[in-house]
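Here's the structure, in structure tokens; my notes come after.
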Amino acid sequence: MTAPPMPAFPDEFLWGVATSAFQIEGATKEDGRGDSVWDTFARIPGKIRDGANADVACDHYHRYAEDVALLASLGAGAYRFSISWPRIQPTGRGPANKEGLAFYDRLVDLLLENGIQPFANLFHWDLPQALEDSGGWLSRDTADRFAYYAGLVGSALGDRVAMWSTLNEPFEVMALGYGTGEHAPGRELLLGAFPAGHHLLLAHGLATQALRTRTSAPVGLINSYSPSWPLSSSAPDVFAAAVHDVLQNRLFTDAVLLGAYPEETRALPGVDLAVVLEGDLSTISTPLDFLGVNYYAPAGISAAGGGDPRPFGIAPVPGYLTTAFDWTVAPEGLSETLTTLHSRYGEALPPLYVTENGAAYADVVASDGSVDDAVRVAYLDGHVRAVSSALAAGVDVRGYFVWSLLDNFEWAEGYSKRFGLVHVDFDSQNRVPKTSFGWYRDLITRK
Ligand code: GBH
């Protein structure tokens, strides 16, 4: 059976790919870069699979020209990358480190020469360690430090970057970095991590204001969404799914778009709203030009089992295929995410971009070196169709970015989970476009 043809997308629809600094750059000790919390975290035995670190990663810091050439051959309209805060300010304070800025200067110019719109994200989890040492995101001062950093980068690149985002997935930073401790800096405060989330949002609002005085390019925030699917129709599971929905999908979006945390937040045990000062929510809800939506999977939710400190359990949804991460493959979860944002926020919702979507699979390198990742093609094809359904339902979605251009350092999973359109041999640093790369190029460049 052949699939129906891919629906047409608007001419101006933006097709891109996404990466992040810490996951690809390597060169962690070069040109004055300071340590980030992830450098520190990777040195703690047992935190990262196989004891991996990102000292080399994809060596993109040295191979960026080769990687931009790959983007050009893909036909990408835009490239979403992140800027490493500790390259710009090694300790998170003080003037800009010229050599650090120069790298992004070169990258942005090369993208523009190749007709690729630079989409710069200011924070993808690599907080300068020196700031963590003075409280990290639990400290309100970090929000002011971030705004200052945003101003430094905005002044240097504001004339050329086509799209800006402040933060990638503040919810995951709060939940995994300060809540469960699976990610750097490894704090285990559970819902006591809320102040970190609030300060991240405050940082977002202040940085948006700092960027606006330095550029007229669009500025947005990138959140992760995962529709909450109860694993049974029992009242406890349905209730747990509602709690998951408040946390994962509404907490930060309500604050940013509506200027208020959801009413339900008050009932969450351990959430300390005393950190929310007068005026904070109006800063946090500074108008956005777009909202970035990172989507991978729906979450199968049940009431927490005995002893589980979280307010719910998460598991794959039965009856669906899963990726190498054990995440449920359900493209309809992406259309649901987009249409739910549209109906929930109405006029308050800015244009949307799907800023990350992709899948980890155990790729097999054939004897001729090729990688035929048909299963990733199927995942991406289904999800692009899901975007098309949302467009047909009237949702203003302006672009789609595959995570990721390259196989890379997958946080706590080290190099064991591959998301790339391009295979990377981490010994030789040889890059080989996978079948999915050709599939995406054909989609982007079709007439
Ligand atoms: C992104 O986070 C990151 O931005 C990126 O750096 C990273 O490499 C990429 O994902 C791949 O991990 O347990 O079934 O409910 C994604 C975070 C992952 C959060 C999926 C919600 C739902 C899976 N999201 N998760 S499930």
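Values reported hereafter were calculated over all heavy atoms of this structure, with side chains retained and with hydrogens, waters and symmetry mates removed. In each ligand, atom 1 is the first atom listed, and ligand 1 is the first ligand listed.
One finds a salt bridge joining Arg250 and Asp254 here, because a Lys/Arg side-chain nitrogen approaches an Asp/Glu carboxylate oxygen to under 4.0 Å. A salt bridge links Arg212 and Asp289; the closest N-O separation between the charged side-chain nitrogens and carboxylate oxygens is under 4.0 Å. Using a cutoff of 4.0 Å between basic side-chain nitrogens and carboxylate oxygens, Glu182 and Lys47 are not scored as salt-bridged. Looking at Arg376 and Asp363, a side-chain N of the basic residue comes within less than 4.0 Å of a carboxylate O on the acidic one, giving a salt bridge. Between Asp407 and Arg431 there is no salt bridge, since no side-chain nitrogen of the basic residue lies less than 4.0 Å from a carboxylate oxygen of the acidic one. Between Asp126 and Arg87 no salt bridge is recorded (no basic side-chain N to carboxylate O distance below 4.0 Å).
At least one heavy atom of Gln23 sits less than 4.0 Å from an atom of ligand 1. Taking 4.0 Å as the cut-off, Ser20 does not count as a neighbour of ligand 1 on heavy-atom distance. Residue contacts with ligand 1: Thr328 is excluded, as none of its non-hydrogen atoms falls under 4.0 Å.
The protein heavy-atom contact nearest to atom 22 (C) of ligand 1 is Ser226 OG, 3.6 Å. When hydrogens are left out, the protein atom nearest atom 17 (C) of ligand 1 is Glu169 OE1, 3.5 Å; that is the closest non-hydrogen contact. Nearest protein heavy-atom contact of atom 26 (S) of ligand 1 is Ile314 CG2, 3.9 Å. For atom 15 (O) of ligand 1, the nearest protein heavy atom (residue, atom name, distance) is Ala299 CB, 3.2 Å.
Closest heavy-atom approach to atom 8 (O) of ligand 1 within the set Glu356, His244, Gln248, Glu410: this belongs to Glu410. The nearest non-hydrogen atom to atom 14 (O) of ligand 1, considering only Pro316, Pro298, Ala18, Gly333, comes from Pro298. Remark: among candidates Tyr225, Trp403, Phe171, Tyr296, the nearest residue to atom 10 (O) of ligand 1 is Tyr296, based on non-hydrogen atoms. Here atom 20 (C) of ligand 1 lies nearest to Trp327 when heavy atoms of Phe22, Trp327, Trp229, Tyr295 are compared.
Shown here, atom 12 (O) of ligand 1 is in close reach of the protein: a heavy atom of it lies under 4.0 Å off.
Of the possible polar contacts, none joining the Asp381 side chain to the Val377 backbone as a donor-acceptor pair under 3.5 Å is found. Here the side chain of Asp50 pairs no donor or acceptor atom with the backbone of Ala52 at under 3.5 angstrom.
Every atom of ligand 1 is numbered from 1 in the order shown, and the set under 4.0 Å from a heavy atom of Asn168 is 4 (O). Numbered from 1 in the order shown, with element, the atoms of ligand 1 that lie under 4.0 Å from a heavy atom of His124 read 3 (C), 4 (O), 5 (C), 6 (O).
Using the six-membered ring where Trp is involved, Tyr79 and Phe81 have ring planes that are parallel, under 30° apart on the 30 and 60° scheme.
Minimum interatomic distance between Leu338 and Val395 (heavy atoms only, all atoms of both residues): O-CG1, 3.7 Å.
Between Asn408 and ligand 1, no pair of N/O atoms sits closer than 3.5 Å.
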